[in-house]
Amino acid sequence: MNGRICLDGDRRQTILYGITAGISAKWLLKGQLRWMADRYNVLLVCNPDVAAYDTAHQESVPLIGIPMERKPSLAVDLLGLWRWIMVVRHYRPDITNVSTPKAALLGGLAAWVCRVPRRLYVVRGLRLEGFSGIRRRVLRGLEWLSMAVATDLVFVSPSLAAAARKEGLVGRRRAWLIGDGSSNGIDCHALAERVRQVDCAQVRRDWGLSKDAFVVGYIGRLAVDKGIDILASAMESGHISSSTMLLAVGPSEDERTYTHLHRLGSRVVVLPELDDVAPALAIIDVLCLPTRREGFPTVVLEAGAANVPVITTRATGAVDSVINGQTGWLVDVDDVDGLAKAIRLAQLNPTERTAMGAAAHTRVAGRFAPDRIWAGLVGIMSGSTGSDVTSV
C-alpha cells in the first residue's frame with residue numbers, strides 16, 4: 001500500500017489514522033477521512049465497535065480493528081501495542097495521525113518503533129487536568145510519552161497548547177495550531193439549514209417543554225468533568241426563574257449525573273445522544289457548558305451555527321470557544337453563582353442574546369470551516385505550512 005499516486009501526481013502517500021473509540025471517530029473525524037482519501041491512501045485504526053464500522057463505511061475508508069480500552073489495562077494495552085506494531089509494519093505508512101489518549105499512546109509508540117517518517121499527535125485535551133496526586137503524575141507521564149514519540153503536535157486550541165507547555169510536555173517538538181483551533185471544524189451552513197427546517201413548536205411539545213419556557217440547553221456527555229453538578233446547582237439558584245427549564249442531551253457515564261439532574265424535577269428534560277443535534281439547537285434559548293476541562297468544544301461551534309449564544313467557563317479549551325460579551329458569556333470554573341447570574345442575564349436580555357447568537361454564527365462561518373482544518377493538516381504533513389498554521 002505504500003506506493004500509490006502522491007500529491008504531486010507521482011505516488012500517493014499512506015496515512016494511518018488512529019483513534020480509540022468509534023464514537024470519537026464518528027464526530028471528530030467526520031468528513032476528514034473522506035476528504036483526505038482524495039489525496040492520500042487512508043486507513044483507520046480504531047476499537048472495532050459498531051460506530052467504528054459505521055464511520056469507516058460513511059467515510060469510505062478501510063477499518064483495521066484493534067481492541068483498545070480507555071482505562072489502563074496492562075494486558076490489553078500490551079497486546080494492543082503489539083497489534084499496532086504489526087499493523088504499522090505491514091502497511092508501512094508515510095504518516096500517522098493519532099488522537100485520543102489510548103490510541104495516541106499505543107499508535108504513537110508503534111509508529112516510533114517502526115520509524116514512520118511523519119508522526120502527528122492531534123492533542124484534543126489533557127486528561128490530567130482535574131486530577132491530583134499519583135493519578136495526575138501517572139497521566140502526566142503517559143501524556144509526556146505520547147508527545148515524546150511524535151514528530152509534530154497539533155493542538156486544537158491556543159489555551160490547550162499553553163497548558164501543555166506549562167506542564168513541560170512539549171519540549172522541543174514541533175507544535176502547531178491551525179487557524180483559531182477546533183478538532184475538525186464545522187459545516188456551519190449545512191447545520192444552520194437543518195436548524196431552520198425544524199418545527200420548533202412540535203419538538204417542544206414532543207419533548208415536554210412549554211412553548212413559552214426559557215430553555216437552557218446542555219449537549220454532550222453527562223459527566224462530572226463537564227460540570228453537570230454545577231449546572232444543576234445553578235438552576236436551583238434563586239437567580240433563576242422557576243419557569244426556566246433545562247434540556248440535557250447526551251449519554252451518561254455515571255449514574256451520579258442523573259442524581260444531580262433529577263433534583264430539578266419537572267424543570268429538566270433528559271434525552272439520550274441524538275444523531276442530529278439540530279432539533280435541540282433549534283428549541284433552546286442559550287447553550288450552557290459549565291465544563292472543567294476541554295480541548296475545544298465542538299458543541300459551542302454547533303450552537304454558533306444555529307445562532308445560539310453560549311455560556312461556558314474559562315477552563316482550558318472552553319475559554320477559546322467564546323468571545324466574552326460578543327458571542328456569549330464566560331464564567332469561572334465551578335462558579336455556581338456566576339453561572340446562575342449569566343443564565344439570568346441571558347433570559348432578561350433577549351435583544352442582546354439575539355445579537356450574540358448572530359455574532360457567533362458569523363464567527364463560526366468565517367473561522368471554523370472544516371476544510372480549513374484539513375488543509376492545515378496537509379500543510380503540516382507535507383512540511384509546507386501556510387498562513388493558517390502557526391507555531392505554538
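Grouping the Ile, Leu, Val, Met, Phe, Trp and Tyr side chains by contacts below 4.5 angstrom, directly or via other members, places Tyr53 with Ile64. A chain of hydrophobic side-chain contacts below 4.5 Å, direct or via other Ile, Leu, Val, Met, Phe, Trp or Tyr residues, connects Ile178 to Leu28. No continuous path of ILVMFWY side-chain contacts below 4.5 Å connects Ile323 to Val331, so the two sit in separate hydrophobic clusters. Residues Leu128 and Val224 do not share a hydrophobic cluster, defined by chaining ILVMFWY side chains whose heavy atoms lie under 4.5 Å apart. At a threshold of 4.5 Å between side-chain heavy atoms, the hydrophobic network of Ile, Leu, Val, Met, Phe, Trp and Tyr places Val87 and Leu78 in two separate groups.
Checked by atom type and distance alone, the side chain of Arg363 pairs as donor or acceptor with a backbone atom of Ser321 at under 3.5 Å. A donor-acceptor pair is defined here as one N or O able to donate and one able to accept, closer than 3.5 Å; such a pair exists between the side chain of Asn324 and the backbone of Leu330. A donor-acceptor pair is defined here as one N or O able to donate and one able to accept, closer than 3.5 Å; such a pair exists between the side chain of Thr362 and the backbone of Ala358. Arg204 contributes a side-chain N or O that, together with a main-chain N or O of Ala213, makes up a donor-acceptor pair within less than 3.5 Å. Side-chain atoms of Arg124 never come within 3.5 Å of backbone atoms of Thr100 as a donor-acceptor pair (strictly under, hydrogens ignored). Asn184 places a side-chain N or O within donor-acceptor distance of the main-chain N or O of Lys30, the cut-off being under 3.5 Å. Judged purely by atom type and a 3.5 angstrom limit, Ser159 uses its side chain to pair as donor or acceptor with the backbone of Gly317. In this structure, Thr313 contributes its side chain and Thr291 its backbone to a donor-acceptor pair below 3.5 Å. Listed for the Arg372 side chain is a donor-acceptor partner under 3.5 Å among the backbone atoms of Arg367. Between the Arg119 side chain and the Val149 main chain, a donor and an acceptor come within less than 3.5 Å of each other.
Side-chain contact annotation: Asp152 with Trp176, donor-acceptor N/O pair under 3.5 Å present. With 3.5 Å as the limit, one finds a donor-acceptor pair spanning the side chains of Gln202 and Asp206. Under 3.5 Å, the side chains of Gln347 and Thr244 contain a donor-acceptor pair of N or O atoms.
Arg39 has its side chain out of reach of Trp374: every pair of non-hydrogen atoms, C-beta onward, lies at least 4.5 Å apart. Proximity of Leu44 to Ile19: side-chain heavy atoms (C-beta onward) are separated by under 4.5 Å at one or more points. Annotation: side chain of Leu43 is not in contact with side chain of Tyr17 (no heavy-atom distance under 4.5 Å). Counting heavy atoms from C-beta outward, Trp84 and Leu16 have side chains that approach closer than 4.5 Å. Side chains of Val88 and Pro93 form a contact here, defined as non-hydrogen atoms less than 4.5 Å apart. Using a 4.5 Å heavy-atom cutoff, the side chains of Pro290 and Tyr218 are in contact. Considering only heavy atoms from C-beta on, Leu222 comes within 4.5 Å of Tyr258 through its side chain. Looking at heavy atoms from C-beta onward, Leu29 lies out of side-chain contact with Glu59 at the 4.5 angstrom threshold.
From Met381, atom CE reaches atom CG of Leu120 across 6.5 Å, with rounding to the nearest 0.5 Å. The CD atom of Glu302 lies 9.0 Å from the CG atom of Leu287; values are rounded to the nearest 0.5 Å. The line from OG of Ser382 to CZ of Arg118 is 7.5 Å long, rounded to the nearest 0.5 Å. Leu261 CG to Asp229 CG: the interatomic distance, rounded to the nearest 0.5 Å, is 9.5 Å. One finds the NE2 atom of His57 at 8.0 Å from the CG atom of Asp54 (value rounded to the nearest 0.5 Å). Interatomic distance, CD1 of Ile343 versus CG of Asp285, reported as 11.5 Å (0.5 Å rounding).
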Point to revise | Working for side-chain contact (heavy atoms from CB on, under 4.5 Å), residues His189 and Asp187 | key: CA-CA 6 Å; His189 301 296; Asp187 188 338; 4.3 Å; yes
Check your understanding: Should Trp329 and Val286 be marked as a side-chain contact (heavy atoms from CB on, under 4.5 Å) after you check the CA-CA gap, both sets of side-chain angles, and the distance that decides it?
Key -> CA-CA 10 Å; Trp329 297 266; Val286 66; 4.3 Å; yes
Exercise for review: Let me see the working for Glu273 and Ile23 under side-chain contact (heavy atoms from CB on, under 4.5 Å), right down to the final yes or no.
Suggested key: CA-CA 11 Å; Glu273 182 180 14; Ile23 192 65; 3.7 Å; yes
Point to revise | Pair Arg293-Asp225, salt bridge (charged side-chain N to carboxylate O under 4.0 Å, His left out): steps then yes or no | key: CA-CA 7 Å; Arg293 68 175 183 90; Asp225 65 346; 3.5 Å; yes
Practice item. For the pair Asp38 and Arg34, evaluate salt bridge (charged side-chain N to carboxylate O under 4.0 Å, His left out) and give the outcome as yes or no after the intermediate values. Key: CA-CA 7 Å; Asp38 288 336; Arg34 182 185 290 272; over 6 Å; no
**Study point:** From CA spacing to verdict: side chain to side chain donor-acceptor pair (under 3.5 Å), Arg263, Ser233
**Key:** CA-CA 9 Å; Arg263 298 201 315 257; Ser233 296; 3.3 Å; yes
Exercise for review: Decide yes or no on side-chain contact (heavy atoms from CB on, under 4.5 Å) for Thr327 and Val310, but give the supporting numbers first.
Suggested key: CA-CA 7 Å; Thr327 65; Val310 174; over 6 Å; no
Practice item. Go through the steps for Lys226 and Glu294 under the test salt bridge (charged side-chain N to carboxylate O under 4.0 Å, His left out), then give the verdict. Key: CA-CA 9 Å; Lys226 297 293 186 180; Glu294 291 289 330; 2.7 Å; yes
Point to revise | Pair Arg136-Glu167, salt bridge (charged side-chain N to carboxylate O under 4.0 Å, His left out): steps then yes or no | key: CA-CA 11 Å; Arg136 182 185 180 92; Glu167 287 287 338; 2.4 Å; yes
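Of all heavy-atom pairs between Leu281 and Ala303, the closest is CD2-CA, 3.9 Å. Across all non-hydrogen atoms, the minimal contact from Leu301 to Ser182 is CD1-CB, 3.8 Å. Of all the heavy atoms in His361 and Ala305, the pair that sits closest is ND1-O, 2.9 Å. Between Met245 and Met235 the shortest heavy-atom distance is C-CE, 3.8 Å. Taking both residues in full, the closest heavy atoms of Ser157 and Gly295 are given as OG-O, 2.8 Å, listed atom of the first, atom of the second, then distance. Of all the heavy atoms in Pro279 and Val203, the pair that sits closest is O-CG1, 4.3 Å.
For Trp27, the CH2 atom is densely surrounded, since the number of other residues' heavy atoms within 6.0 Å is greater than 12. No more than 12 heavy atoms of other residues, nucleotides or ligands lie within 6.0 Å of CH2 in Trp144, so this atom counts as exposed by the packing criterion. Remark: Arg135 CZ is loosely packed, at most 12 non-hydrogen atoms of other residues, nucleotides or ligands lying under 6.0 Å away.
Tested against Arg292 for a salt bridge (Lys or Arg N to Asp or Glu O under 4.0 Å), the candidates Asp335, Asp334, Asp332 yield a single pass: Asp334.
At a threshold of 4.0 Å, the pair Glu193-Arg196 counts as salt-bridged, since one of the basic side-chain nitrogens sits closer than that to a carboxylate oxygen. A salt bridge does not link Asp49 to Lys26: none of the charged side-chain nitrogens sits closer than 4.0 Å to a carboxylate oxygen.
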